[in-house]
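Inspection log for the structure reproduced underneath, given as structure tokens.
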Amino acid sequence: MARSWWKTALALALTAVMLFPIYWMVNVSFTRRESIRKGQLLPLDFTTDHYRVVFSQQLPYLTTSLLVGVGTVVLTLLVAAPAAYGLAKLPVPGGRVLSFVLIVGQMIPAVVMSLGFYAIYNRIGMLDTIPGLILADSTLAVPFAVMLFTAFMRGIPNELIEAAELDGASYWRTFRAVMLPISRNSAITVALFAFLWSWSDFLFASTLDREGGSLRPITMGIYNYIGAQNQEWGPMMATAVVASIPTALLLVLAQKYVAAGVTAGAVKD
Amino acid sequence: MTRLNPRAAAGIGIMVVSGFALAGCSGGPTVAPGESGAASEGTTTAQITFWDPYPQRETGSEWDTLVKSCAPDGSTIVRSSAPQSDLFNQLTTAVKEGNAPDIVLLDNPMMPEASSAGLLATAEQAGIDTAGIDENLLGPGIVDGVAYGVPMGSNALGLYYNKNILDAAGVNPADIKDWASLNTAIEKVVASGKKGITFSGVAGEEGVFQFEPWFWGAGANLSDLGSAEAISAGQLVSDWIGKGWAPRSAATDNQSASWDVFLTGDYGFAENGSWFAADAAALKDFTVGMIPIPAKDSAVAPVPTGGEFAVAPLQSKDASDHYANASSVIACLTTGDKATATSEALGYLSAKADVRAAQVAANAMWTPWVSIVEGAQGRTSELGATYVDVSAALSQAEQGALNAAGDASGVEAAFKDASGN
Amino acid sequence: MAITPPTRAPHPLETTSRADDAVVAGPHRRHAARLAAIAFVAPLVVYLVVFYGYPLVQNVAMSLQRYDRATFVSGGAPFVGLDIYREVIGQPKFWRIVGQTATFTLVSITVQYVVGLALAVFFQHNFRLSATLRAMFLVPWLLPVIVSGTTWQWMMNPDNGALNSLVGLFGVDPIWWLNADHALMSVIIANIWLGIPFNLVILYSGLQNIPTTLYEAAAIDGAGPWRRFWSITVPLLRPVSLITLLLGLVYTLKVVDIIWIMTMGTGTSQTLATWSYGMAFGKGASAVIRYSEASAVGGILLVIALAFGLVYIAVQRKSED
């Protein structure tokens, strides 16, 4: 019992160190502008004004971010999971090349990608739309998702698939009925990363969703506080705090599934 | 070697070929922006797009309402904002793709580059009236003798001071007539237990903007960054850092951050802009005053002209209609009844002398700023499109000087290197 | 009960000949399997070609032509072949920036990996709150980088920042964290902080995959905790470690945001990625847009990533043999 408490204490200390910048953010969000640069450890010059401003202005952007995040997760899973099944279990011609391309593709500077997207979207009229942003944000997660899923699916013993085939299942059926349920944990991990990366994306949003009004995500909503010569850090930090709460809850919930093992085999002795 | 190579090459080859194919059908030669088109030949359209660099001015704010009220009959204005350098890049992409907005407010030092890159329609084409505007303020918008837009007003830099601290230290701001007296004043403030002066020395145009009054005040010229005068300006700010009179964060603080530092009430002086004048007047923690930034040997240093220009981007189709939009909205904002409201909403002094007088009459806070604005110097007036390179070099020199923290050889090296570019 | 050999997490770049040991009963079956494979992978391929092929071509094309803002808008940029690359590499600061990039990347991923692994091992023991605290470690990722970057910038304020207060407790003089000389060290610290969650999550999952029976057997044989770590954990974690390091490398090479917000890439914190970003958008010290040079530096980054990708494959093949 005592051993367990010692570990918890150490974990708490480590977490506190890791989250100290977050504490600082919360600290500033409750501090009046005049005292933000004083470097005080506690919000001595206390105010709730920033939060009042945030609640009156930022909620539509939060909703958009949530929509885009969920959309990105769905799209990523739709594209990545079947592809991973193909790469892991089926004879894909040029499968190695594909895997290699996935690594290299992630190296293309996001800047270049966003300019490419702008040109395409402009011609097909997808600028300033949520589906357009979802499509763009998915490129942040798809290569990683495919790699993760493939790694996991390779670990699924072939006996399970053989059993399904003996029952006369088609490839699609096998995928849906056998692979997907077992891959639940890696799906949740992929969903987590896809959601987080799309939540914090700024580049695609600012290039492709400039004039979306309230259909812009929170990363752009925050820019309301960055004026030409004047930045309001209090409301910005307050926005970040408010934006983090629902996602932090999501994290705690999802962590249980992630913990069960992304690359765990389906059959363990 | 691995078996991968030939197939990897094939795979990447396929992607490249497909990429070219895509480039062919979705890219191709860009639509050439129209040379023809004039405001007088067009009619206003139902929807007008307006871009400005004030994201902090939200929907429903004073400025936003004002802009939207300037929509001609039968039209609505769609306004969106982005920070200045982003705005310029977005404008570039938009003009290239034939998707440019009707009106853009562009930072004044970007004007020569914007016009030489073929982004802007001339003021004549767009039906923008440039009459009545002060010459020094209109200057940045005139490239090779052709006017491209009108300034939305001007902001300027001044030396704010914390009256409470100065009184306690026995400093009379009226005594500050040159650099020597300024340094004496700062020394007294520091001796009384407070800190000296805040300013913004961040890399980029913002830091250069704040450095130019000292630079020009020393008698230096932008075409020669290695001169003794230029080095002396660098030495001035470097010494402040070295002696601890200015915060070392000045090398990474932008103007807003530098103001935040001043607001803590620890500093006696702050070099900052007229956009904070209203906030300064309303401040409750301590009283704030303002004097012009001193030159090395005189009381008033030339400051760079600040503020944005209202311009009409070059359009590729229905150009005349778009220019008609621009003409109508810009005229509404800068001439007639709304001119004063525009300047007040933005926190700027108007670029027209008569409107300025009206502003001062209505609000005494503006009085000390008038002479500063009238003496302001355009950054691009002499150098045109080459200003961008000079600014980059000066920024590097200043960063080097600030990092040297008073070391004279470091400062000299920084400026000599910059002038070699 | 039969002792099963340790299952290890297979890595994604393993040969796809695994299909051979699937149930393939004859040529007809193999053909059907191939078709199905293509069908499953087709959406991904289309996706890659559209979203990655075009920008890739764009990037390379831009680096072979001399662009400025005017020719970017109206076209007509002259084709100059490899001149831009020659000019970029010939600049005096090029090798300094490469060195800084190497330092930034290698130090970041090494420390992130070691700390991530240590934390993953630590969290293996199920103590009270371990699941919640492990989730909390991901919170840094929820924050927009502008917020976390600015917070680090404030914490590193030389005059009254929290970091200097901390080192002051140990009797160290205040450090000017963000000046030209120390900038690299400072952004590395912030980047490590940002990268620990990624390493923690992936390595933790990899550790979960190692059967506890192995540890128990080793303990019975008298192996101490260090021995168990080196003989069991490290080898079995190898594929996951390699993929974590590779992805970490690729992501770190691309990092721009956190450096930009803290220092705008001034002083020693300039890396190839921030240099390219500054040139592509006219930000930082110079507002001059250099599309061609930015694309060239981007191309160089691509080649570096390619090289490491090949190294990874070579290492994987060796470990298979």
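Nothing here was measured: the structure is a model prediction, and the numbers come from that model. Sequence lines set the chain letters: A, B, ... in the order given, protein chains first and strands last, and positions in each chain run from 1.
For B/L91, no part sits under 4.5 Å from any heavy atom of chain C, backbone or side chain. Residue C/N157 touches chain B through its side chain alone, counting heavy-atom pairs closer than 4.5 Å. Only the side chain of B/L119 comes within contact range of chain C, judged by heavy atoms closer than 4.5 Å. Looking at B/V202, only its side chain comes within 4.5 Å of chain C, counting heavy atoms on both sides. For chain B, no part of C/M156 is nearby; none of its heavy atoms comes within less than 4.5 Å.
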Point to revise | Residues C/L178, B/R248; criterion side chain to side chain contact (heavy atoms under 4.5 Å, CB included); working and verdict | key: CA-CA 9 Å; C/L178 297 174; B/R248 283 179 289 181; over 6 Å; no
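Rounding to the nearest 0.5 angstrom, the gap separating the OG1 atom in B/T92 from the CZ atom in C/F281 is 10.5 Å.
Your options are B/A392, B/S249, B/A251, and the one with the most heavy-atom pairs under 4.5 Å with chain C is B/A392. Top candidate by heavy-atom pairs under 4.5 Å with chain B, chosen from C/T71, C/V45, C/I289, C/N179, is C/N179.
With a 4.5 Å cut-off on side-chain heavy atoms, C/R69 and B/N89 count as touching. No side-chain heavy atom of B/T252 sits under 4.5 Å from any side-chain heavy atom of C/M264.
Not one N or O on the side chain of B/D389 forms a donor-acceptor pair closer than 3.5 Å with the backbone of C/V288. Side-chain atoms of B/N403 come within 3.5 Å of backbone N or O of C/A180 as a donor-acceptor pair.
In terms of heavy-atom proximity, C/T266 sits nearest to B/Q399 at CG2-OE1, 3.6 Å.
Remark: C/Y47 OH is packed, more than 12 non-hydrogen atoms of other residues, nucleotides or ligands lying under 6.0 Å away.
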